[in-house]
Colleague: 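Have a look at the structure that comes next, please.
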2 protein chains.
Amino acid sequence: MNDRPKGRRKTPVWQAIAAHLRGDIAEGRYKAGDRLPTESRLAERFGVNRHTVRHALAHLIQEGLVRTRRGSGAFVAATPTDYPIGGRMRFHENLLAAGRLPEKRILQIENRAATPGEARALAVPEGGYICAYHGLSLADGQPIALFESLFPVSRLPGIDVALQQTRGVTQALDLVGITDFVRVSTRLTAVLADATQALHLHLQEGDPLLRTTGVNAVPDGAPVEFGRTWFAGDRVTLTLDG
Amino acid sequence: MNDRPKGRRKTPVWQAIAAHLRGDIAEGRYKAGDRLPTESRLAERFGVNRHTVRHALAHLIQEGLVRTRRGSGAFVAATPTDYPIGGRMRFHENLLAAGRLPEKRILQIENRAATPGEARALAVPEGGYICAYHGLSLADGQPIALFESLFPVSRLPGIDVALQQTRGVTQALDLVGITDFVRVSTRLTAVLADATQALHLHLQEGDPLLRTTGVNAVPDGAPVEFGRTWFAGDRVTLTLDG
DNA sequence: TGATATAATATGTCTAGTTGTATAGTTATA
DNA sequence: TATAACTATACAACTAGACATATTATATCA
């Protein structure tokens, strides 16, 4: 790991800069989520070319200490923490029990036509309308998962409004009269993050995601939710309860 | 070689967004005439700046898939056709039923000797002459598919002239006395567009194509057409009835 | 009720700033 | 003198914000 060259006289400038920034972060000058000065300013401050600063930043990125966003800046990365989630998948309760602060960010709620596949999964007529709920789950401010939940509006009138008002799927379903439901199917696969997923989850495009596809239904059998979730693979461990 | 430690490609974000929306439209999430979410909402949904969404939309507009009205919104201009597979594929009727303007552009019609494989598929003697009909199918001016249809001239005298005069295979066959036919085999694969295919279909080389290979025959069993079609994967959805 | 002014939205355009990438040139050093 | 480290420049991709302009919904008044 110590890739210091044999000649111990001089350390490259970029390594010195990286060490300096590392120290700034370590002693709290820049805290998690803070934006670092722009590359140009850092170049001025250290009296070097912008490329040299970039070389240093690239190292910090590889270490996972810093994350950059094109056009926006460089940010101190939050410390990745593995997080266990139960088989019942009650996001809020699990996180609260683990002493972390759950948060849900709504990206989109819209009523639209169902695709043939979605119609089949939700047992609605082809072309029938569904409510699509797209969002981002976070823990302590760090993105954990992207999700898309589909609901049959015909059987769940007012679900779109309920989703706006509540904190989670369970509560929203309760608001429209679904007090209990069971998971009737779950599928797991690994996929690669595309560009937009990577943006939301603060990952690189091509990083692995854990995708779950599942259907929840009321006890007598009618599906009430068709959900897909993409977990950031290296931040989440899914544990199935036995 | 080791410039990328992990397999991570780089696609511009706007291209990923354009592809996503294209897929949404192709799958029927947004149908012809539907209004897309506003640029601001899409920006939230994909986690990018509004300008990046606009860049993606501009591309879809250039493709003719989306049209915008200032102050009003962005609308789906043309829905990729749901194309029923199996039974009888009647290009013109399908498109007309979907409220679109079908068009067929003849690239080449020639009589030539059949290759061994073609001879077998059409049940003609090896080296027998066939009529090769090569063309491009469009809907509302947008290229949908490349096709190559082969006919046994021995059993269908005048088919070459009939193809020149009519609008489609069905009508041409009718002109030479084939009033009804059924599809006896269909095969589906995914291939990548080569340079010339991409040129005709207004795609990029390497974009995915859906290739169907099929044989039509008169009800008693003699083949009358051996056809191959390359659909632009983004613009067509093949639907299996059943 | 109906016409109209007003406010809220939506797209179109512009300017400016930041990171990402590519190419070429300079300098120190082994 | 060959190579790695660094400089210099230019452009592409994306973010951020402000403002103009067209459309649509809402409120108001006769």
Side-chain angles (χ1 to χ4, degrees), chain A residues 3-21 30 33-62 65-77 108-110 194-200 202-206, chain B residues 2-5 8-21 30 33-62 65-77:
Chain A
D3 53 355
R4 190 208 300 224
K6 279 70 180 179
R8 61 215 181 266
R9 306 261 172 94
K10 284 193 174 182
T11 59
V13 180
W14 67 265
Q15 281 188 19
I17 294 174
H20 195 121
L21 291 173
Y30 304 118
D34 280 3
R35 209 180 83 170
L36 297 179
T38 70
E39 294 173 352
S40 300
R41 286 197 182 283
L42 287 175
E44 280 181 28
R45 171 177 158 196
F46 292 112
V48 298
N49 189 272
R50 190 182 140 223
H51 278 17
T52 310
V53 169
R54 283 183 59 72
H55 198 144
L57 283 177
H59 230 245
L60 297 179
I61 290 168
Q62 182 130 13
L65 206 65
V66 166
R67 152 185 85 78
T68 57
R69 212 184 158 191
R70 171 188 289 206
S72 185
F75 302 81
V76 179
Q108 190 184 38
I109 295 181
E110 64 167 348
D194 66 28
T196 58
Q197 291 171 331
L199 274 173
H200 276 129
H202 296 177
L203 297 172
Q204 296 293 324
E205 184 180 2
Chain B
N2 51 0
D3 55 347
R4 50 171 144 177
R8 50 186 54 157
R9 47 218 145 123
K10 281 178 230 167
T11 313
V13 179
W14 68 266
Q15 280 185 21
I17 293 174
H20 196 120
L21 291 174
Y30 304 116
D34 279 2
R35 209 180 78 172
L36 296 180
T38 70
E39 293 173 352
S40 300
R41 287 196 180 283
L42 287 175
E44 283 180 24
R45 162 129 155 56
F46 291 111
V48 300
N49 189 272
R50 188 180 141 226
H51 282 74
T52 309
V53 169
R54 283 181 60 73
H55 197 149
L57 282 177
H59 230 245
L60 296 180
I61 290 168
Q62 183 147 11
L65 207 64
V66 166
R67 126 190 104 76
T68 55
R69 273 173 46 205
R70 164 186 256 184
S72 181
F75 300 83
V76 178

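Throughout, a chain's letter reflects where its sequence line sits, starting with A, and its residues are numbered from 1.
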Colleague: Using OP1 and OP2 only, check whether a side-chain N or O of A:W14 sits under 4.0 Å from D:dA5.
Modeller: no
Colleague: Please work out whether the ring planes of A:H55 and A:W14 are parallel, tilted or perpendicular, with thresholds of 30° and 60°.
Modeller: parallel
Colleague: Can a side chain N or O of A:R69 be found less than 4.0 Å away from OP1 or OP2 on D:dT15?
Modeller: yes
Colleague: Mind calculating the distance between CZ (A:R35) and C1' (C:dT19) to the nearest angstrom?
Modeller: 11 Å
Colleague: In Å and rounded to the nearest 0.5 Å, what is the CZ to OG1 distance from A:R54 to A:T68?
Modeller: 7.5 Å
Colleague: Tell me which of B:V13 and B:R70 sits closer to the 5' end of DNA chain D, going by the nucleotide each one is nearest to.
Modeller: B:V13
Colleague: Give the nucleotide from the list C:dT11, D:dC14, C:dG20 with an atom nearest to the side chain of B:E39.
Modeller: C:dT11
Colleague: Tell me: CG of B:L42 to P of C:dG12, nearest whole Å?
Modeller: 13 Å
Colleague: Expressed as a whole number of angstroms, how long is the span from B:R41:CZ to C:dT11:P?
Modeller: 11 Å
Colleague: Give a yes or no on whether A:R45 atom CZ has more than 12 heavy-atom contacts from other residues, nucleotides or ligands under 6.0 Å away.
Modeller: yes
Colleague: What nucleotide among D:dT24, D:dT7, C:dT11 has an atom nearest to a side-chain atom of A:N49?
Modeller: D:dT7
Colleague: What about B:H51: does its side chain form a donor-acceptor pair under 3.5 Å with the base of D:dG17?
Modeller: yes
Colleague: Got a second to check how far A:L21's CG is from A:L65's CG, nearest 0.5 Å?
Modeller: 9.5 Å
Colleague: Whole Å only: how far is the NE2 atom of B:H55 from the C1' atom of C:dG12?
Modeller: 15 Å
Colleague: May I have the distance from A:L57 (atom CG) to D:dC6 (atom C1'), rounded to whole angstrom?
Modeller: 16 Å
Colleague: Would you say B:R54 reaches C:dG12's phosphate, i.e. side-chain N/O to OP1/OP2 under 4.0 Å?
Modeller: yes
Colleague: Does B:R50 make a side-chain donor-acceptor contact with the base of D:dG17, cut-off 3.5 Å?
Modeller: no
Colleague: Looking only at the aromatic ring of each residue, does the gap between the centers of A:H202 and A:F75 stay below 6.0 angstrom?
Modeller: no
Colleague: Take atom CG of A:L199 and atom C1' of D:dA13, then tell me their distance rounded to the nearest Å.
Modeller: 12 Å
Colleague: Calculate the interatomic distance between B:I61 atom CD1 and C:dG12 atom P; express it in whole Å.
Modeller: 6 Å
Colleague: Would you tell me if any nitrogen or oxygen in the side chain of B:T52 comes within less than 4.0 Å of OP1 or OP2 on D:dA13?
Modeller: no
Colleague: Check this one for me: any side-chain N or O of B:S40 less than 4.0 Å away from OP1 or OP2 of C:dT9?
Modeller: no
Colleague: Within this structure, what is the NE2-to-C1' distance between B:H59 and D:dA13, rounded to whole angstrom?
Modeller: 14 Å
